[in-house]
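Heads up, the thing below is written out as structure tokens.
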Amino acid sequence: MRLCTIWKDECEQAAVVTRAGIVPVAAINVHLGKAWPDELCGLILQGISRNLLADAEQTPLKLDPKAVRFGPLYRHPRKILGIGLNYRDHAADLNAPYPTEPASFMKCDNTIIGPGDTIELPPQSERVTAEAEIGVIIGRQCRCVSEEQAPDYIAGYCLILDMTAEDILQKNPRFLTRSKNFDTFFSFGPELITVDEVPDVLKVKVGTYNNGRLHRENVVANMAFPPFYLVSFHSHVATMYPGDIISTGTPGAVVIGDGDVAECRIEGLGTLSNPVRRRPA
């Protein structure tokens, strides 16, 4: 099943992606007298049920995906965990030592934007990069779970563009939090793809694009620390909650400039695209 958040009636609301079109959850509730949460974070908290897809297919209102405006999947996850240098090739790009444990960092929800929203280059940085990544969305509370148990705690996957003020980071690795947390530095969506739609996540290919041109791509199997390992590892550090996001690392970071269009393309899962502009000082 695929879920999304769309702008409708001047607000962001959850919707179900069907073969016939996009069905707002609010329309399902009206048509069938149901009480599904009409925000995606609420659906995750409740536990995503395939009954919702069946209800969507019975609901007459079907919106053309080309005519809707997508929002970020949701606005306020409790945690956004990013993973640095998770592909061997990316570590080589930066002349950085290959990590022997996940190199994780935190992002704040002020960074969140959705598909088509503008990435703003801050005046403090002259070198910002965009990094395409596959995101893991936690579906239920977990603490100290094994790698084998991890799939049972995942709500689904999503596409991510994670931005970095690289010149700030290069001054001092202690500046990582600042370099990662400017407004608009985390785009995710347009869909949450449930685990059953991705038979083997290790075979998924992730690509970073800029202005329609491929910069770098790789398959998840070439990660040092694959998604299920990351869920398990971080659950031994801190309790993971529904809606928490793990951004699993990029095959390559591309420098973006004013007027560019950055993209994450993931084979079989979709495309996430954001225009770029320089924010005035």
Side-chain angles (χ1 to χ4, degrees), residues 1-32 34-46 48-49 52-53 55-78 80 107-120 130 132-133 135 137 155-163 182-194 197 209 242-245 247 259-266 269-277 279:
M1 180 165 44
R2 294 178 179 238
L3 303 171
C4 62
T5 292
I6 62 171
W7 280 93
K8 191 175 185 301
D9 301 328
E10 300 184 352
C11 68
E12 292 178 338
Q13 52 183 282
V16 183
V17 181
T18 74
R19 292 180 181 179
I22 293 176
V23 184
V25 172
I28 296 172
N29 290 339
V30 169
H31 180 68
L32 297 175
K34 297 295 182 74
W36 295 107
D38 59 7
E39 294 184 350
L40 188 48
C41 57
L43 289 170
I44 296 170
L45 283 168
Q46 179 175 287
I48 296 171
S49 167
L52 179 60
L53 177 60
D55 286 353
E57 290 171 340
Q58 295 179 54
T59 301
L61 179 62
K62 305 287 197 300
L63 303 175
D64 182 349
K66 295 178 181 179
V68 302
R69 176 188 169 193
F70 292 94
L73 294 178
Y74 41 96
R75 294 280 179 180
H76 302 293
R78 291 183 66 158
I80 303 173
K107 299 198 77 156
C108 303
D109 63 9
N110 66 286
T111 62
I112 288 176
I113 57 173
D117 292 339
T118 300
I119 299 166
E120 295 186 343
E133 313 194 10
I137 296 175
Y157 303 100
C158 66
L159 283 70
I160 287 171
L161 281 169
D162 178 31
M163 273 56 72
F182 288 97
D183 290 352
T184 77
F185 267 29
F186 188 83
S187 177
F188 82 125
E191 296 175 349
L192 183 159
I193 302 101
T194 54
E197 294 263 334
Y209 286 74
D244 283 354
I245 303 162
S247 191
D260 285 347
V261 177
E263 285 185 318
C264 170
R265 299 184 190 179
I266 300 184
L269 301 190
T271 297
L272 171 65
S273 178
N274 292 93
V276 182
R277 74 172 178 89
R279 191 172 76 224

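Residues: numbered from 1 along the sequence shown.
- Heavy-atom minimum distance, I48 versus A155: CD1-CB, 4.2 Å.
- Between the side chain of E197 and the backbone N or O of M1, at least one donor-acceptor pair lies under 3.5 Å.
- Contact of the R279 side chain with the T184 side chain is not registered, since no non-hydrogen atoms from C-beta on lie closer than 4.5 Å.
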**Request:** Any chance you could lay out the side chain to side chain contact (heavy atoms under 4.5 Å, CB included) test for H31 and L61, step after step, and finish with the verdict?
**Result:** CA-CA 9 Å; H31 180 68; L61 179 62; over 6 Å; no

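- What you find for S187 and P115 is that their closest heavy atoms are OG-N, 4.3 Å.
- Applying the 6.0 Å contact sphere to CD of E39 captures no more than 12 heavy atoms from other residues, nucleotides or ligands.
- Shown here for C4 and F70, the closest heavy-atom pair between the two residues is SG-CE2, 3.8 Å.
- For the side-chain hydrogen bond (donor to acceptor under 3.5 Å, both in side chains) test, no residue two or more places apart in sequence or in another chain qualifies with S273.
- When all heavy atoms of G243 and P77 are compared, the closest pair comes out as O-CB, 3.4 Å.
- Here the straight-line distance linking atom CG of L40 with atom CG of L3 works out to 5.5 Å at 0.5 Å rounding.
- With a 4.5 Å cut-off on side-chain heavy atoms, V23 and K62 count as touching.
- A donor-acceptor pair is defined here as one N or O able to donate and one able to accept, closer than 3.5 Å; no such pair exists between the side chain of T18 and the backbone of E57.
- Using a 4.5 Å heavy-atom threshold, the side chains of L269 and R2 count as touching.
- The closest side-chain heavy-atom distance from F186 to P72 is not below 4.5 Å.
- For the atom pair CG of D162 and OG1 of T111, the computed distance is 8.0 Å after rounding to the nearest 0.5 Å.
- Between the CD1 atom in I245 and the CD1 atom in I112 there is a gap of 5.5 Å [rounded to 0.5 Å].
- The shortest side-chain heavy-atom distance between L73 and I44 does not fall under the 4.5 Å cut-off.
- Counting heavy atoms from C-beta outward, L45 and P37 have side chains that stay 4.5 Å or more apart.
- Within the 4.5 Å cutoff, the side chain of W36 has heavy atoms near those of the Q46 side chain.
- Distance CZ/R78 to CG/D109: 12.5 Å, rounded to 0.5 Å.
- A side-chain donor-acceptor contact under 3.5 Å links K107 to the backbone of F185.
- Judged by distance alone, with hydrogens and angles left aside, the side-chain atoms of Q13 form a donor-acceptor pair with the main-chain N or O of K8 at under 3.5 Å.
- With a 4.5 Å cut-off on side-chain heavy atoms, V16 and T59 do not count as touching.
- For the residue pair C108 and I80, the shortest heavy atom distance occurs at O-CD1, 4.1 Å.
- Not one N or O on the side chain of D117 forms a donor-acceptor pair closer than 3.5 Å with the backbone of N274.
- The 12-atom threshold is exceeded at CZ of R265, counting heavy atoms of other residues, nucleotides or ligands nearer than 6.0 Å.
- Considering SG of C158 and CD of E133, their distance stands at 10.0 Å, rounded to 0.5 Å.
- Ring pair Y74/F188: centre-to-centre distance below 6.0 Å.
- How far CD1 of I160 is from SG of C264: 8.0 Å, rounded to the nearest 0.5 Å.
- The two residues R277 and T118 have their closest heavy-atom pair at CG-CG2, 3.4 Å.
- A donor-acceptor pair is defined here as one N or O able to donate and one able to accept, closer than 3.5 Å; such a pair exists between the side chain of D64 and the backbone of K66.
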